[in-house]
Structure formats: C-alpha cells, structure tokens
Visitor: 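This is the structure I want to talk about, given as structure tokens.
Per chain, numbering begins at 1; letters A, B, ... match sequence-line order.
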There are 2 protein chains.
Amino acid sequence: VARGGVPALKRVTRMRPSAASGEFSLIESIRGTALTRRDVALGIGDDGAVLRVPRGRELVVVMDTMVEGVHFPRGTAAADIGWKALAVNLSDLAAMGAEPAWATLALTLPQPDATWVRAFARGFAALAKRHGVALVGGDTTRGRLTVTVQAHGFVPLRRALRRDGAHAGDAIFVSGTLGDAAAGLADRKHTALRARLDRPSPRVALGVALRGVASAAIDVSDGLAADLGHVLDASGVGAALDVDALPTSAALRASVPGAARRRALQLGGGDDYELCFTVPTRRVARVAAIAREQRLRLTRIGTIERARGLRDSAGRPLERSGYAHFRRA
Amino acid sequence: VARGGVPALKRVTRMRPSAASGEFSLIESIRGTALTRRDVALGIGDDGAVLRVPRGRELVVVMDTMVEGVHFPRGTAAADIGWKALAVNLSDLAAMGAEPAWATLALTLPQPDATWVRAFARGFAALAKRHGVALVGGDTTRGRLTVTVQAHGFVPLRRALRRDGAHAGDAIFVSGTLGDAAAGLADRKHTALRARLDRPSPRVALGVALRGVASAAIDVSDGLAADLGHVLDASGVGAALDVDALPTSAALRASVPGAARRRALQLGGGDDYELCFTVPTRRVARVAAIAREQRLRLTRIGTIERARGLRDSAGRPLERSGYAHFRRA
C-alpha cells in the first residue's frame, strides 16, 4: 500500500511475535527468557494478557519508572538495568506483603540494539526466575532510555501491609544495612557497594513473613527518613529514631570513615530497597524469629510516638530529606 | 540531614499524597479527578494498590506507551493526550472483550506544569468516567513527555477474545469508519478528522458484545492491513479483503477526494481504534443485531481463507504496511 505522502505517526512494535517476524525483535529476546506460570491463561502475543487471581486473594499492583541519568547512572550495564527495573517493583510488592506473580514491561530505547536488549533481558529474567515472576506483556517504543515495570502479586484478603497502621509504642525495624547503595553511587568503583546500587535484593520473603506481624511497612527507596516519614504521615504519628543503631555494613564503614557522612547516606541516600516496618511490642519477639529463619539482619532502630515529627533519641529533629523529583531536580 | 556532597540520584515523587504535601503536586491533580470503585480495597497513596477481581472472572492486563512526536504530534492539547493515553488501552481491552476496571499511569514530563497536568487529568478522567475506570496508582518522573498507561479489565473464564481463533470461511468485520485519524494527522485543521486522531472512542461495549460471537478480534491501531495481518498470522490463515467495502466517513470522502489515497489511509494509516473481528457464518446475523443495539456501523469487509496472505477480492496481494517502530523510524 502506498502511503500517499501522509505524514503518519510512527507506530510502536508491540510485544507481539507476529509484528516482529522476520526482523530483529526486541521482544523475542525478552520473551525467550520469560518464565511461564499456570495462572497465565494467555501471555505475550495478543492485545492483552489473561490472568487468574487465586480465590481468596487480593491483587496488589505496583508500578515504577526508571529514567537513565535520573534513576540510574548513565553507563549502567544493561543487565543491571533489567534487574533493577524489576527489583524496585518487587520491593514495592514486598512492602505490601505480596507474593509476586506477573510483570509487564514498557521499554523505551534510543535505538534498537540486540546486544543491549539481550543483556537487559538476562538481568530481568535472572531476578524474575528467583521470584517466580512471569513477564506477561508490554510495549517497546523509541526515545530516551526509560523503563516502566508494573508488577502484580497476591495477598490473602485484607492482609496487605500498609503505611497507615503504625501506633504509638510500636517498635521500628529496618532490614539489612542502609547507605550502601548511596555510597556505591559516590564510589562507583567499589564493587560491593556498587552491587547494592545496581542489583538490589527485594525483601520479598520478609514482606510475606511480616503479614500479621508488622503494623505498617514501606520499602526504603527515597531514603529512610523520607520513607519512614510517609508511614508517620499516613498513620498520624511521630517517631524517635536511634540513629546510632542504623545497621551499617563493613563495606560502608571502610569506604566512608566519617560517622556523620555515613549517617547522611543512611538517612537520606535512598536506593536501599530494604523494608522499614513497625511492630507492636507484643509481637517484637516474632521479628527475631523471622530474622533467624531468613538469616536476615533485622534491626530495631526506634519507636513510634504520639507526637508528630521525626527526631533522634535525644529529641533533636531529623530532616526528612529524600528526593522529590520536581522539587530538587 | 546534610547530603555530604554525595551525587545521589534524583528520586521520583510517586503517587503518594504524603510525598507531595505542601508543594505543587502532579498527583493530587490527577487523583482529585479519579473515580472510586468498590473493588479497590486500597488505591493511590501506598506502595501499591490492593484490588479485588470478581469471582469467576479472569483479569485482562494491557499496557501502551505514548511518546510525544512519535505517537502523537507535538502540540497536541494536554487534555487530548490524557484522553488518548487511556483510550488506546481501553481499545486493547475492547479487543479482548474485557470490561474495564482499573488503570495505572506512569507520566514522564520535561518540567512540572500545573496547568498542563490539570488539563491532562481532565482528559484522562473524562474517558475514565465514561467507562467506570478507577485510577489506582502510578509514578511521575522527569524526562521527555512520555505516558505509559496500564489498564485492567475482566472477562468471564475462558471467554476472552483472542487473535488466534479465525477459521477459513469466517466473515471479517470492522467497526465504525477507517482512515479518519490518519487524515486528521495530514490535515490538522479539520476538526472532525482531528477529533478522530485526538479523541478516539474505544469500542468497549462492542468488545463485550462480541464475546461468544467473534472467533478472533484485534483493535486497529497500526492500520487495518497490519492488524488484520496479526490475526491471520496467529490463526494460521489468510484473507480476501473487499477494499471497496471499507467503511468511509463523509468527512474523509470530502477531505480526501482521491479513492486510492483514501484507501491507503484506510489500510495503512492506523490510529483508528476500531475493532476488526472475524465471525463464523452461522453467527453473522448476530453482528447485525449488535450493530442495531449499539447504533454502531459494523461493516463486512472480507472473508478468511485457508491460503495464507492478504489480498483483495480480485486476488491481488495487499501490502501489510503499518508501522513497526524500529524498522521504519
């Protein structure tokens, strides 16, 4: 069909094998690495995916966009971008106490690059496999490197972890260690710290274990102070934070010798993808049991208080930094 | 907290009211216009949304990204972009025979602009209201204007319309008229044609009515020839198209006098967001009944044949143009 000189819009090649037959296909690269699941009645290759939510379960939906140079440094390896794009979403599911099931992917690329896409797919698939996540659809477009992932998971009815359940007296915990990713951004040659930035481990099993234990939960993406602040706002409470108790890796301690600078990274650096959660005192013993079972460091870092605001143990106010995109950019 | 000179990544402001308190908020603008639904247990404002799929229903998930200058012309009104970003997704749901329920939105903007966002939200909400869609979450980031919407809908078990069910002998139908949007792109001052480009009407009610009637369905987004081609590939069949029967609006006829040029727009222009579907001959009478009930033009435009390929009634091959993003860009 002649196009008659009409300046038509360029259309996308969607995640449909038929659209890509006989030519380089972004999607086949990704599709080939994708898991299958029995609750996927129809996956990639039609106008939409058809999915089955198990009876008695609620569906949890999360979505995160990563833009090159904004959410990850230029030059980040494609496989790491693939991993992280899924990881930040699984971290949100973890914060809801959800078991991951499915993901969709919207990938915007400056130009087709089969090698890049294969590496991206490899990183994405490695994490998807670890958590049993099936890629069920998506869209590819041309433009500045941008990755939007949406992830779906399940929780039993009314058992999702939320931000608004913290009460005065609850203990505040955080998983793993804080500040490593931010230090890895400052010192990109430090392998261990850089791995925390590029390949975060979403705390999926922890989130599931915290159902019925935590009164509120959030994942630490914008920085502990900012994210805990969201819990405080949603719950209408305040908190005293024991800033000397913030869990610190040996790598961070060696790489950033100054305690004040370390603390700044731990409170405001972000990109940790740990869970911060609150627990009523009568259930605090269960947190220790979960830590043992999961061989995961879970550190008590403070207490929820009635008085609004965030302060240290001596009552000095702590700034709730963190990044608000259109404020600080 | 001092940031200690660490070159931290800029973080997003997510769709969380707490992150935006006391400052200009993209999200409040959008959230304020959003519908609520009883199957939304938890909407915008946490790490994820918690949703309830009705018993006996499968979940249909679709996702489409629109990039300025690629999927809509620069200078398109913000309200039209908001409308269209949802419309293209509801059109995919329609092609699956799904009833729309929820949407999430990932919005990337070059800079914050409250007026623009309010208008965008108005357009999005107008279409959402028409179809009872609740916005349940999303993400905002900074960059080139890009909109990714994911929409969720329901179908009864095993009743989704698919691409792979067409059989030799089935009649091929298309809804509405074709070529108007492509003509509206060529002549942007033509109000009626331009409206077809900017404010497509997804054929949601038609898709639902076609469950149990159509053997296969797709929405016409890349152009009739390309999209019908996807059905043919998925079904392993071919088709003869009666190109003289393609439904043509009076506006298109007046605006594009040449029949050959009109036909090129109708076969390859795309952005129609009509449904193309196939129907076994024994059920063709039901199509006429649906057309009457819905006061919608449904035109028989050809027949599925065993021999692969797409041709006109005289057997001349038709090019399956349409836009494949990384091939023609």
Side-chain angles (χ1 to χ4, degrees), chain A residues 1-4 6 8-13 18-19 23 41 46-53 58-65 67 70-71 92 95-96 104 106 112 137-139 141-144 148 150 160 162-163 182 186 222 230 233 261 264 267-270 319 321 323-326 329, chain B residues 1-4 6 8-13 18-19 41 46-53 58-65 67 70-71 92 95-96 104 106 112 137-139 141-144 148 150 160 162-163 182 186 222 230 233 261 264 267-270 319 321 323-327 329:
Chain A
V1 173
R3 298 196 57 84
V6 177
L9 292 170
K10 299 179 203 83
R11 298 295 314 165
V12 303
T13 298
S18 55
E23 60 172 1
D46 211 300
D47 289 288
V50 181
L51 308 166
R52 293 183 183 147
V53 175
E58 290 172 333
L59 178 72
V60 179
V61 178
V62 302
M63 180 188 239
D64 252 308
T65 295
V67 181
V70 180
H71 303 96
D92 278 328
M96 302 297 291
T104 56
D139 198 3
T141 49
R142 191 164 195 157
R144 180 175 175 189
T148 296
Q150 171 136 351
R162 304 169 53 140
R163 299 178 175 182
D222 295 347
H230 298 326
D233 287 344
R261 181 130 183 276
L267 284 170
E319 196 191 316
S321 53
Y323 278 94
H325 192 79
F326 284 109
Chain B
V1 174
R3 297 194 58 84
V6 178
L9 292 170
K10 299 179 202 83
R11 297 297 313 167
V12 304
T13 299
S18 56
D46 211 301
D47 290 287
V50 182
L51 308 167
R52 292 182 184 147
V53 176
E58 290 172 333
L59 179 71
V60 179
V61 178
V62 302
M63 181 189 238
D64 253 308
T65 296
V67 181
V70 181
H71 304 95
D92 279 327
M96 301 297 293
T104 56
D139 198 3
T141 49
R142 191 165 196 157
R144 180 175 175 189
T148 296
Q150 172 137 349
R162 304 169 55 140
R163 297 177 176 183
D222 296 346
H230 298 326
D233 288 344
R261 180 130 182 278
L267 283 170
E319 196 191 315
S321 52
Y323 278 95
H325 191 80
F326 284 108
R327 193 172 41 189

Visitor: To the nearest 0.5 Å, how far apart are CD in Q150(B) and CD in Q150(A)?
Guide: 3.5 Å
Visitor: Say you draw a straight line from CG of D64(B) to CG of D47(A); how long is it, rounded to the nearest 0.5 Å?
Guide: 9.0 Å
Visitor: Atom CG in L59(A), atom CG in L51(B): separation rounded to 0.5 Å?
Guide: 5.5 Å
Visitor: Would you please name every residue forming a side-chain contact (heavy atoms from CB on, under 4.5 Å) with A106(A), sequence neighbours left out?
Guide: T148(A), M63(B), T65(B), T148(B)
Visitor: Which atoms form the tightest heavy-atom contact between R162(B) and D46(A), and what is the distance?
Guide: CA-OD2, 3.4 Å
Visitor: Could you tell me which non-hydrogen atom of E58(B) sits nearest to which non-hydrogen atom of A41(A), and how far apart they are?
Guide: OE2-CB, 4.0 Å
Visitor: Return the minimal non-hydrogen interatomic distance between T141(A) and H71(B), and the atom names on each side.
Guide: CG2-CE1, 3.4 Å
Visitor: So which of V61(B), V53(B), V67(B), V62(B) has the biggest tally of heavy-atom pairs under 4.5 Å with chain A?
Guide: V61(B)
Visitor: Go through the atoms of A49(A) and report whether side chain, backbone, both or neither lie under 4.5 Å from a heavy atom of chain B.
Guide: both
